[in-house]
**Q** 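Mind looking over this structure? Questions follow.
Computed over heavy atoms, backbone and side chain alike; hydrogens, waters and symmetry mates excluded.
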Amino acid sequence: MSDTDVIAEAVDGFLADPRTLRIQRDAALVADLALGGFEGLEYRVFEDRLLRDSMPILRSMLRSGTFITLSVQRYEKLNIPFFVSSENRQLLHSSDAERDDIIVDVLMHARKTFRTRALLKGGWNPNFRGPKGACCLLTYFIGRCMWDFRRVYLRWVKERQRIAQVEAALLDPEAFFRLLTALPHHGEPETVLFSGPSWSCWTPSRPRPGPSYA
């Protein structure tokens, strides 16, 4: 079973409409959005719905680990190194907050690449004649998220390591001052230690500043 088939089955679990009906409806929608150059209010409404529909599917796939495994396999086929530790897999299984932090960042990247690759460049094809046929826009979009997961994950790991260093420095005065000399100067030490990581991500309980969707 291909990764697209796995994604399609996950989407089927959240949407009641048959796949063929979804594809037909998506094809008509894309034709309509193309008239406006895939921009403007109508496109923002479409994009907002696409992101909202993706959230519960991505949460479920990330929690089960399926999303991680498929993303890693995609990069392995290209001989691009990508490894997710068992500890981080477990954390993303057990922590709603960590999952949402990653998912929102993935969505913010994928929304841009999806518009360019799937719509402007015609990467999504409702008449695709492969062994399993075409997929709906939501399935294609989640597949796009799998490509964007790697860069978001690596940045997330790096940020967690930085936070661990800061927390360790708070318990060790010598390490504290070594850390201060290594970090960029922000004025007062408190600014370095307590300015906090860049987690300003949108979740259902934490609004994220940035583009608003109609």
**Q** Report the residues that fulfil salt bridge (charged side-chain N to carboxylate O under 4.0 Å, His left out) with R49, sequence neighbours left out, ordered by chain and then residue number.
**A** none

**Q** Rounded to the nearest 0.5 Å, what separation is found between the CZ atom of R111 and the OG1 atom of T116?
**A**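 Output value for this atom pair is 11.0 Å.
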
**Q** Salt bridge between E47 and R115, side-chain N to carboxylate O under 4.0 Å?
**A**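 Judged by the 4.0 Å cut-off on N to carboxylate O distance, E47 and R115 do not form a salt bridge.
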
**Q** Over all heavy atoms of both residues, which pair between P126 and A134 is shortest? Give the atoms and the distance, please.
**A** O-CB, 3.4 Å

**Q** Supply the atom-to-atom distance R99 CZ to L58 CG, rounded to the nearest 0.5 angstrom.
**A**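 Spacing of CZ (R99) from CG (L58) equals 11.5 Å.
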
**Q** Say whether, by atom type as modelled, one donor and one acceptor occur between the side chain of S64 and the main chain of M61 under 3.5 angstrom.
**A** yes

**Q** With sequence neighbours left out, write down each residue that passes ring pair (Phe, Tyr, Trp, His ring centres under 6.0 Å) with F67, or none if nothing qualifies.
**A** F149

**Q** Could you give the distance from OG1 (T66) to CD1 (I57), rounded to the nearest 0.5 Å?
**A** 13.0 Å

**Q** Where do N127 and N125 come nearest, in terms of heavy atoms and distance?
**A** N-OD1, 2.9 Å

**Q** Between K112 and D148 (salt bridge meaning N to carboxylate O under 4.0 Å), is one present in this structure?
**A** no

**Q** To the nearest 0.5 Å, what is the distance between CG (D12) and CG (L138)?
**A** 10.0 Å

**Q** Is there a chain of hydrophobic side chains (I, L, V, M, F, W, Y, each step under 4.5 Å between heavy atoms) that links L21 to I7?
**A** no

**Q** Mind checking whether F83 and W147 sit in one hydrophobic cluster, side chains of I, L, V, M, F, W, Y counted as touching below 4.5 Å?
**A**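 No, no single cluster joins them.
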
**Q** Is a side-chain donor or acceptor of R150 paired with a backbone partner of P81 at a separation under 3.5 angstrom?
**A** yes

**Q** Name all residues meeting the ring pair (Phe, Tyr, Trp, His ring centres under 6.0 Å) criterion together with F14; count only those two or more places apart in sequence or in a different chain, and write none if there are none.
**A**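 F14 satisfies ring pair (Phe, Tyr, Trp, His ring centres under 6.0 Å) with no residue once adjacent residues are dropped.
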
**Q** From L107 CG over to F114 CZ, what is the distance, rounded to the nearest 0.5 angstrom?
**A**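 Answer for the CG-CZ pair, L107 versus F114, is 12.0 Å.
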
**Q** Scan residues 40-60 for pairs that pass ring pair (Phe, Tyr, Trp, His ring centres under 6.0 Å), counting only residues two or more places apart or in two chains.
**A**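 Qualifying pairs: Y43-F46.
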
**Q** Can you confirm whether W156 sits close enough to N88 that some side-chain heavy atom of one is under 4.5 Å from a side-chain heavy atom of the other?
**A**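 A side-chain contact under 4.5 Å exists here.
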
**Q** Less than 4.0 Å between a side-chain N and a carboxylate O, is that true for R162 and E159?
**A**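 Yes, E159 and R162 are salt-bridged.
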
**Q** Just by distance, do the side chain of T113 and the backbone of A110 share a donor-acceptor pair under 3.5 Å?
**A**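 Checked: pair present.
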
**Q** Please tell me if the side chains of R155 and K158 come closer than 4.5 Å, counting only heavy atoms from C-beta onward.
**A** no

**Q** Could you pull out every donor-acceptor pair under 3.5 Å between side chains of residues 32-42 and any protein atom, sequence neighbours left out?
**A**
none

**Q** Do M55 and D100 have side-chain heavy atoms sitting under 4.5 Å apart?
**A** yes

**Q** Is a side-chain donor or acceptor of W124 paired with a backbone partner of C135 at a separation under 3.5 angstrom?
**A**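 Checking the backbone N and O of C135 against the side chain of W124, a donor-acceptor pair under 3.5 Å is found.
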
**Q** Please list all pairs meeting salt bridge (Lys or Arg N to Asp or Glu O under 4.0 Å) that have one or both residues in residues 68-95, counting only residues at least two apart or in different chains.
**A** D3-R74

**Q** Any donor and acceptor pair, going by atom type alone, linking the side chain of S54 with main-chain N or O of L50 inside 3.5 Å?
**A** yes

**Q** Passes side chain to side chain contact (heavy atoms under 4.5 Å, CB included), T139 versus R19? Steps please.
**A** CA-CA 10 Å; T139 297; R19 294 185 192 180; over 6 Å; no

**Q** Check whether T69 reaches the backbone of G65 with its side chain - one donor and one acceptor, N or O, closer than 3.5 Å.
**A** yes

**Q** Heavy-atom distance under 4.5 Å between the side chains of V106 and Y153, does that happen here?
**A**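 When only atoms from C-beta onward are counted, Y153 and V106 do not touch, as no gap falls below 4.5 Å.
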
**Q** Distance check, rounded to the nearest 0.5 Å: S71 atom OG versus L62 atom CG?
**A**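 Result: 10.0 Å between the selected atoms.
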
**Q** Is the closest basic N to carboxylate O distance between R22 and D26 below 4.0 Å?
**A** no

